[in-house]
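Everything quoted here is computed from the prediction, not taken from an experiment. Start at 1 with the first residue, then count along the sequence. Heavy atoms only: backbone and side chains are in, while hydrogens, waters and symmetry mates are out.
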Amino acid sequence: MTPTERLYYSDPFLFRFSGRVLAHGTWNGAPSVVLDRTAFYPEAGGQMADRGVLGGQALRDVQVDDAGVVHHVLELPEGTGLPEVGAELTGEIDRVRRRVHMALHTGQHMLSRALVDVANAHTVSSRLGETLCTLDVDLDVLDERRVAEAEDLVNAIIDDDIAIRAFFPTPEELAALPLRRAPKVTDNVRVIQIGGFDVSPCGGTHCTRSAQVGMVRVLGVERYKGKGRVLFSAGRRARSELWQEAATLRALGRSFSCGPLDVTASVDKLRRDLTDVREALGAARAKLAESTAAQLAAQLAQSPDKRVVAVLDGATPEDLRSVAARLTSQPEAVVLLAGRAPEGLAVLITRGSGSSFGCGAFLKRAAEAAGGRGGGRPEHAEGRLPPTTDWMALVASLLG
């Protein structure tokens with residue numbers, strides 16, 4: 001079958017076209033329409049496929065096979081067949097999606113060039129996703145300062161509004177071009193030339209002037225599978241992300257009664273205050289644990305079997321451990337504590353070094369009897385029981 005004529009090669013801003021149905025095909029088991037020509041971009045080279053409407057039906061996917069035939073997969077209502085062979089169909093490209101892809105793909109070319117110039121980092125792969133775009137380079141570590149310089153260089157090229165040319169050079173012309181990377185095909189090589197800044201082989205859709213990209217924004221730098229990875233955005237998508245972040249910053253400023261640029265200082269102050277409060281709370285909890293442990297130590301001293309059973313209202317598992325640690329300094333001690341809270345009863349069972357009480361086994365029995373959960377070792381066990389559990393009565397019944 002003759003390869004499909006790609007109209008976007010000559011005009012990426014062609015959003016409406018007509019084409020004739022040459023054949024019906026299949027793509028991954030789904031029926032497809034093959035046209036003599038199309039302005040829809042099929043998924044390739046890390047760029048996602050176009051969406052839109054073809055012959056009045058929504059387009060679900062666009063793919064190209066090894067023979068260069070473009071398959072249009074339609075969202076067909078139940079009982080509806082494919083358009084007849086020979087029919088003339090009108091196609092309408094989703095303009096917003098196409099423009100986003102044009103900006104992202106052109107921005108990727110520019111960022112890849114800038115990374116070579118600034119950091120000697122050559123792009124080995126790129127992906128323009130629905131929500132995130134990445135490019136991987138041949139360095140295992142990327143200096144973030146260099147990446148920031150590359151970002152500045154790209155945006156300076158965007159501000160200069162230089163012309164971008166897409167063309168098919170002759171073999172002689174191709175051999176003379178300073179390509180950033182070698183082409184993946186040997187025939188009909190398409191080249192994207194961004195002024196005198198970058199020259200690269202590519203079959204994707206691109207802007208025709210650098211200012212149409214709008215902006216390129218680096219979102220982060222990381223290491224991925226042994227290579228440096230740059231996360232980036234461009235065009236409408238980058239603007240939308242910035243607006244969302246700005247709105248969040250303004251909302252935080254209102255919450256802190258400060259301007260957006262003062263939010264960082266307000267958060268730092270909040271962190272310092274929180275640290276002070278936590279330290280004060282820790283000191284108060286330590287004093288409370290000491291006081292509680294002193295009271296329970298008196299009960300322990302009077303217990304003939306060296307056991308102490310208690311319920312501490314509002315005590316957390318950490319509070320229970322703190323109190324128990326002070327009591328188990330007595331070798332024969334067996335400590336059975338519970339902390340009552342609305343979400344349930346935190347329980348802790350532990351023993352001194354000279355006791356043979358089976359803490360884990362006892363907690364298992366208690367959990368089975370009360371409908372809770374927990375476990376541990378012979379010397380220490382923790383769990384949680386329903387909030388209505390009468391811990392004192394439960395322990396008394398299990399100890400006989």
Side-chain angles (χ1 to χ4, degrees), residues 222-224 255-256 266-400:
E222 61 186 27
R223 194 167 184 269
Y224 181 76
S255 298
F256 292 132
S266 295
V267 170
D268 288 341
K269 181 179 183 302
L270 191 63
R271 284 175 175 165
R272 291 193 299 271
D273 291 345
L274 182 59
T275 297
D276 293 342
V277 169
R278 283 175 173 168
E279 290 176 354
L281 179 60
R285 286 185 177 277
K287 288 183 179 180
L288 180 60
E290 191 70 42
S291 174
T292 302
Q295 296 176 28
L296 295 178
Q299 297 180 26
L300 187 62
Q302 298 175 6
S303 171
D305 50 12
K306 295 300 179 182
R307 295 174 185 168
V308 61
V309 184
V311 177
L312 309 179
D313 287 332
T316 65
E318 184 179 0
D319 296 332
L320 298 180
R321 295 184 200 110
S322 181
V323 171
R326 291 166 168 79
L327 297 173
T328 51
S329 59
Q330 299 186 36
E332 300 301 321
V334 176
V335 181
L336 304 99
L337 301 179
R340 190 177 301 283
E343 62 272 18
L345 206 68
V347 296
L348 177 147
I349 306 169
T350 189
R351 72 187 191 191
S353 59
S355 172
S356 60
F357 187 83
C359 299
F362 184 86
L363 180 55
K364 182 178 180 181
R365 291 168 57 204
E368 289 176 350
R373 55 183 174 80
R377 305 178 304 278
E379 65 274 13
H380 185 94
E382 295 185 28
R384 185 171 293 277
L385 304 181
T388 56
T389 303
D390 186 338
W391 178 242
M392 304 297 287
L394 178 61
V395 171
S397 65
L398 293 176
L399 289 176

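- In plain terms, the two heavy atoms of Glu332 and Lys306 that are nearest each other are O-CB, 3.4 Å.
- Nearest heavy atom pair, residue Leu300 against residue Ala333, reads CD2-CB, 3.6 Å.
- In this structure, CG on Leu296 lies 11.5 Å from OG on Ser303, to the nearest 0.5 angstrom.
- The shortest heavy-atom contact between Glu379 and Thr350 is O-OG1, 3.2 Å.
- Listed here is the closest heavy atom pair of Ala381 and Leu363: CB-CD2, 3.7 Å.
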*What's the verdict on side-chain contact (heavy atoms from CB on, under 4.5 Å) for Arg285 and Thr316, showing C-alpha distance, side-chain angles and the deciding distance?*
CA-CA 10 Å; Arg285 286 185 177 277; Thr316 65; 4.2 Å; yes
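- A 4.5 Å side-chain heavy-atom check between Val323 and Leu348 finds every atom pair outside the cut-off.
- The backbone N or O of Lys287 lies less than 3.5 Å from no partner atom in the side chain of Ser291, so there is not a single donor-acceptor pair.
- Side-chain contact check for Ser322 and Asp319: no donor-acceptor pair (N or O, by modelled atom type) lies under 3.5 Å.
- Panel note: side chain Thr389, backbone Pro386; a donor-acceptor pair is recorded below 3.5 Å.
- Residue Lys269 holds its NZ atom at 4.0 Å from CG of Asp273, rounded to the nearest 0.5 Å.
- Nearest heavy atoms, Arg377 versus Cys359: O-CB, 3.7 Å.
- Residue Glu318 places its CD atom among 12 or fewer non-hydrogen atoms of other residues, nucleotides or ligands, all under 6.0 Å distant.
- Between Leu385 and Val347, the closest heavy-atom pair is CD1-CG1, 3.9 Å.
- In this structure, OG1 on Thr292 lies 9.5 Å from CZ on Arg326, to the nearest 0.5 angstrom.
- If you take OG1 on Thr275 and CG on Leu270, they are separated by 9.5 Å, rounding to the nearest 0.5 Å.
- Salt bridge status for Asp268 with Arg272: absent, with no side-chain N to carboxylate O gap under 4.0 Å.
- Taking the side chain as every heavy atom from C-beta outward, Arg307 and Val395 never approach each other to under 4.5 Å.
- Of the possible polar contacts, one joining the Arg351 side chain to the Phe357 backbone as a donor-acceptor pair under 3.5 Å is found.
- For the atom pair OG1 of Thr388 and CZ of Arg340, the computed distance is 8.5 Å after rounding to the nearest 0.5 Å.
- Taken to the nearest 0.5 Å, the CG atom of Leu337 stands 10.5 Å off from the CG atom of Leu345.
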